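Remember, predicted model here, so these are calculated numbers, not experimental data. Every chain is numbered from 1, with letters handed out A, B, ... down the list of sequences.
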Amino acid sequence: MKSKDVRNNFLEFFKNKSHTIVSSAPMVIKDDPTLMFTNAGMNQFKEYFLGNGTPKSPRITDTQKCLRVSGKHNDLEEVGKDTYHHTMFEMLGNWSFGDYFKKEAIAWAWELLTEVYKIDKDILYVTVFEGNEAEGIPVDQEALNLWKEIIPEDRIIFGNKKDNFWEMGDQGPCGPSSEIHVDIRSAEEKAKVSGRELVNQDHPLVVEIWNLVFIQFNRKADGSLEKLPQQHVDTGMGFERLCMVLQDVKSNYDTDVFTPLIKEIEKITGTTYGNDEQVNIAVRVIADHIRAVAFAIADGQLPGNTGAGYVIRRILRRAIRYGFTFLNQKEPFISKLVGSLTDQMGEAFPELKSQRNLIENVIREEENSFLRTLDQGLVLLDQIVKETEGKTVSGKKAFELYDTYGFPIDLTALILEEQGLNLDEKEFEKELQKQKNRSRNASKVTSGDWEIVSEVENKGFIGYDHLDAEVKITRYRKVESKKEGELYQIVLDQTPFYPEGGGQIGDKGFLQSPDGEKVSVVDTRKENNLIIHLVKKLPKDVSVFFKAVVNSTERTKTAANHSATHLLHQGLRKILGTHVEQKGSMVQTDYLRFDFSHFSKVASEELKEVEDFVNARISENIPLVDRRAIPYQEAIESGAIALFGEKYGDTVRAVNFGESTELCGGTHVANTGDIWYFKIISEGAVAAGIRRIEAITSDAAKAYFTEQAEAYQEVKAVLKNAKDPVKAISNLQEENNELKKQIEVLLREKAKNLKGDLKNEIQEINGINFLAKKVDLDAGGIRDLSFQLGDEFDNLFLLFGTEQNGKALLSCFISKDLAKEKDLHAGKVVKDLGKYIQGGGGGQPFYATAGGRNPEGLNEALQKAIEFVK
RNA sequence: GGGGGAUUAGCUCAGCUGGCUAGAGCGUUUGGCUGGCAGCCAAAAGGUCAUCGGUUCGACUCCGAUAUUCUCCA
């Protein structure tokens, strides 16, 4: 069965069981602080399990693109070494939200596997949660009984809390799970050891394919469990593994999900998959990682050095590293695989197709920069090796190479090994651990349980129409972090406060109780579909009605920036072309930032055109057309631009200003005229193929122009109100250059004259040409003079003194030969004489200077100089 | 968010412990030679040593802040 059919059959099967098919959520997560990437099929439904939202249907099915780089069964460093772990994978799932439970979930899973996919019943095993006394959770008897009716008891295995009890995190919904495993070993192998022995033993051919989770508890902050009012089913089946079973191969990488990619890698690198284990690992690593990276970029996540971007960079660099070391690829090659990947998966995931150019560019650029890092690291490592005494290279040094210069540690180890050296790995680990602890401590957040204040219906955000409202606190909790200290998160029954999202920052303002107490709201965010208000202290009485007031001046400025962002987007597409796509946006109170795909620098004329375009729309006074809830399809058909990597519901909000239509949740001005004026401040690159524009509007633009005008007036005033200041300045510059040259000439002449005079004053003492004299030159002049005299006289000993800004300066020149011969050292001379001018100095044997704060002592110092040549 | 680096000529970099005439290679310009493979030879131009502040008689060098950038960790 082709992988495409495997996917379709799954979705069709559950559709026939009254499930609604939904599309995969983006792999990159935006409004959940505990998670960077979708790492399981359930992520996009988390809010439903938490009770913060209602699903559109109680039964849902989908295939979800997931990314896992850490966790109990997957560590990035392990991917590729075996045949069944991946960073990116697809998870097929079916869901029940308070609808059916264990009975149906188990029966349908069995039906699909054995009747649709026609997997031999005799190679399947199932696991059931054994219970945990310490936590007072009983055996999952219900699941056990259900399985007993379907499968012989000797193929049911009890699993412990680690394997068969699923938790989302330290807190929240959880419950027992039941896994289905499959044994695809040869008959011979099966005869030797029973598959039962190998379940959950990390055997590559006895693997878990489906996990059925029965969510029935809620874990509280103190660790205790309470029963949930509604029970849910959450299942996940690994798509790649399922394909392996159905295509009768022994490795995920031998399924048609991977073979086209592997063939392409063989072609590009001139290697063969299957002969050499190191090559095999490298090929698998690359085949796996290119998928993860390409999908992430398509979802809008570029490689970077913080957060999610850093994870993507690490994955990509790992692939480059394996290619570099084991496939001997010293030039960018991974970007060349994007075409093949797109051909293969572009149909199921159209974002790959439309983002293909960008994906290629970004990967190529990243490859180039990492190859440079490797080059630099090789040089540094060479140096470390040279400095190493004995056979063991310091772990601290290796850590520095890794931490500061980004040179991969396994490459260090490999190179050292080739040179017959070894690495102090313990020391390295110690350093790494230290660094990890530092980071962890700095970003630790502890949160308490939610305190429920009142159970009123949550009406959510009302801030499009209101900037203040009468509200009630529904719940609150305390959170503590090193950075922000102690804060309270408050949820209201309705709120005018806009939560940070869609690039727009969260509103600020205050809550006021009837007795006049004001609590200021420092920020507003969204977490799992709840709007959270951050306050420094709780009001005295949380149960009363409050007046919630948004800081309207800030909100107005932010709205102007947001609306201007839409017009900017429209203008860029109009003037640069429709390849321009939003790649990031930041709407703040005092400025806006817009990142977009574009292949080259935006010329200043183009910027001007864009600016003019936006300002033309502003002066047209176009009113806002705000359609709050229209069907997604309708919005798209009316020309709205949907962003890749955004999760949209069935109904969306469309924001129009004339021709500009965007799907947007942010706050806007009622009329473009309110933006007042739009001014681009800067344009630059953020990554390969991505440009960034920063701009200001309204008050900020006014302030900007005022400032510019003032600065201009000042310049003009300084130039005595010159008619053409630019010309006046360039005249000055020219004149200045001319004068500089003349001064140089004059100084040279002066020095020449001085030199002539001084030449006559040089006296011979003991065969040494000696002169000690006070001169009127600066340090540089003295230096030039000294060296010029040095060229003309052999055996020269010079000591010059001068006074500069009330400070004394001594400078001593001794011909190199003379210094050697008589064992003289100019540095010592000036240091010694420095005591007369209350200072010190030094230099090298033939030239040295000293300074001091007592010019009175200069004469004495000059008189004593003769002692050195006597 | 936390840590560690880097910022010196148009480019790639050297300049170790404060005093070194601030350098190299490539590139540029000029002149000369030359039938090739980065042609050869000679000369020149090009630097507020990222910015601001501090320590010091003296800072490219030490300290602090800022900016930009690389990198590791979360």
**Q** Looking at G58(B), I'd like to know if its phosphate oxygens (OP1 or OP2) sit under 4.0 Å from a side-chain N or O belonging to Lys807(A).
**A**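 For G58(B), OP1/OP2 do have a side-chain N/O of Lys807(A) under 4.0 Å.
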
**Q** Give the rounded distance in Å between these two atoms: CG of Leu799(A) and P of G19(B).
**A**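 Computing the Leu799(A):CG to G19(B):P distance gives 20 Å.
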
**Q** Would you call the rings of Phe399(A) and Tyr402(A) parallel, tilted or perpendicular, where under 30° means parallel and over 60° means perpendicular?
**A**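 Geometry flag for Tyr402(A) against Phe399(A): tilted rings.
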
**Q** Ignoring hydrogens, what is the shortest heavy-atom contact between Arg525(A) and Leu534(A)? Give both atom names and the distance.
**A**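 For Arg525(A) versus Leu534(A), the nearest heavy atoms are CZ-CD1, 3.4 Å.
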
**Q** From the options G58(B), G5(B), U71(B), select the nucleotide whose nearest atom is closest to the side chain of Tyr405(A).
**A**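 From the listed options, G5(B) comes nearest.
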
**Q** Would you kindly give the CG-to-P distance between Leu374(A) and U71(B), to the nearest whole Å?
**A**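 In whole Å, U71(B) P and Leu374(A) CG are 11 Å from each other.
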
**Q** Would you mind classifying the nucleic acid contact of Gly406(A) as base, sugar-phosphate or nothing, using non-hydrogen atoms under 4.0 angstrom?
**A**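 Sugar-phosphate, no base atom in range.
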
**Q** Take the protein atom CG of Asn437(A) and the nucleotide atom P of G3(B), then report the distance between them rounded to whole Å.
**A**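 Taking atom P of G3(B) as the reference, CG of Asn437(A) is at 14 Å.
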
**Q** Is the shortest side-chain N/O distance from Arg853(A) to OP1 or OP2 of G58(B) below 4.0 Å?
**A**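 It does not, given that no N or O in the side chain of Arg853(A) lies less than 4.0 Å from OP1 or OP2 of G58(B).
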
**Q** When you get a sec, tell me which of G19(B), C72(B), A74(B) is the closest nucleotide to the side chain of Thr849(A)?
**A**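 So the side chain of Thr849(A) is nearest to G19(B).
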
**Q** Quick one: is Arg438(A) getting a side-chain N or O under 4.0 Å of the G3(B) phosphate, OP1 or OP2?
**A**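 False: Arg438(A) side-chain N/O out of range (4.0 Å or more) of G3(B) OP1/OP2.
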
**Q** Kindly say if Arg314(A) contacts the phosphate of U71(B), meaning a side-chain N or O under 4.0 Å from OP1 or OP2.
**A**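 Looking at the OP1 and OP2 atoms of U71(B), neither is under 4.0 Å from any side-chain N or O of Arg314(A).
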
**Q** Figure out the CG/P separation between Leu316(A) and U71(B), and round it to whole Å.
**A**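 Checked: the CG to P distance equals 12 Å.
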
**Q** Indicate whether the side chain of Asp424(A) and that of Ser394(A) have a donor and an acceptor atom separated by less than 3.5 Å.
**A**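 Asp424(A) vs Ser394(A): no donor-acceptor pair found between side chains.
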
**Q** Given atom CG of Leu380(A) and atom P of U12(B), what is their separation to the nearest angstrom?
**A**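 For the pair Leu380(A) CG and U12(B) P, the rounded distance is 17 Å.
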
**Q** Would you classify Arg313(A) as touching base, sugar-phosphate or nothing, given that sugar-phosphate means primed atoms plus P, OP1 and OP2, and contacts are heavy atoms under 4.0 Å?
**A**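 Touches sugar-phosphate only.
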
**Q** Expressed in angstrom and rounded to an integer, what is the separation of Leu381(A) atom CG from U71(B) atom C1'?
**A**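 One finds 17 Å between C1' of U71(B) and CG of Leu381(A), rounded.
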
**Q** When you get a sec, tell me which of G2(B), A74(B), U71(B) is the closest nucleotide to the side chain of Gln435(A)?
**A**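 Shortest atom-to-atom distance from the side chain points to G2(B).
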
**Q** Whole angstrom is fine here: how far is it from CZ in Arg321(A) over to P in U71(B)?
**A**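 That distance rounds to 14 Å.
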
**Q** With no hydrogens and no angle check, do the side chains of Thr392(A) and Asn422(A) hold a donor and an acceptor under 3.5 Å apart?
**A**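 Looking only at side-chain atoms, Asn422(A) and Thr392(A) do form a donor-acceptor pair, the distance falling under 3.5 Å.
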
**Q** Phe428(A) ring centre to Lys396(A) NZ or CZ under 6.0 Å, with the angle to the axis within 45°?
**A**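 That pair does not qualify as a cation-pi contact.
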
**Q** Rounding to an integer number of Å, can you tell me how far Glu803(A) CD sits from G58(B) P?
**A**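 In whole Å, G58(B) P and Glu803(A) CD are 15 Å from each other.
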
**Q** With rounding to the closest Å, how many angstrom separate the P atoms on C63(B) and U7(B)?
**A**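 Those two atoms are separated by 13 Å.
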
**Q** Closer to the 5' end of RNA chain B via nearest nucleotide, is it Tyr847(A) or Thr404(A)?
**A**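 The residue whose closest nucleotide sits nearer the 5' end is Thr404(A).
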
**Q** Quote, to the nearest angstrom, the C1' distance that separates C60(B) from G23(B).
**A**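 Each nucleotide's C1' atom is 12 Å from the other's.
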
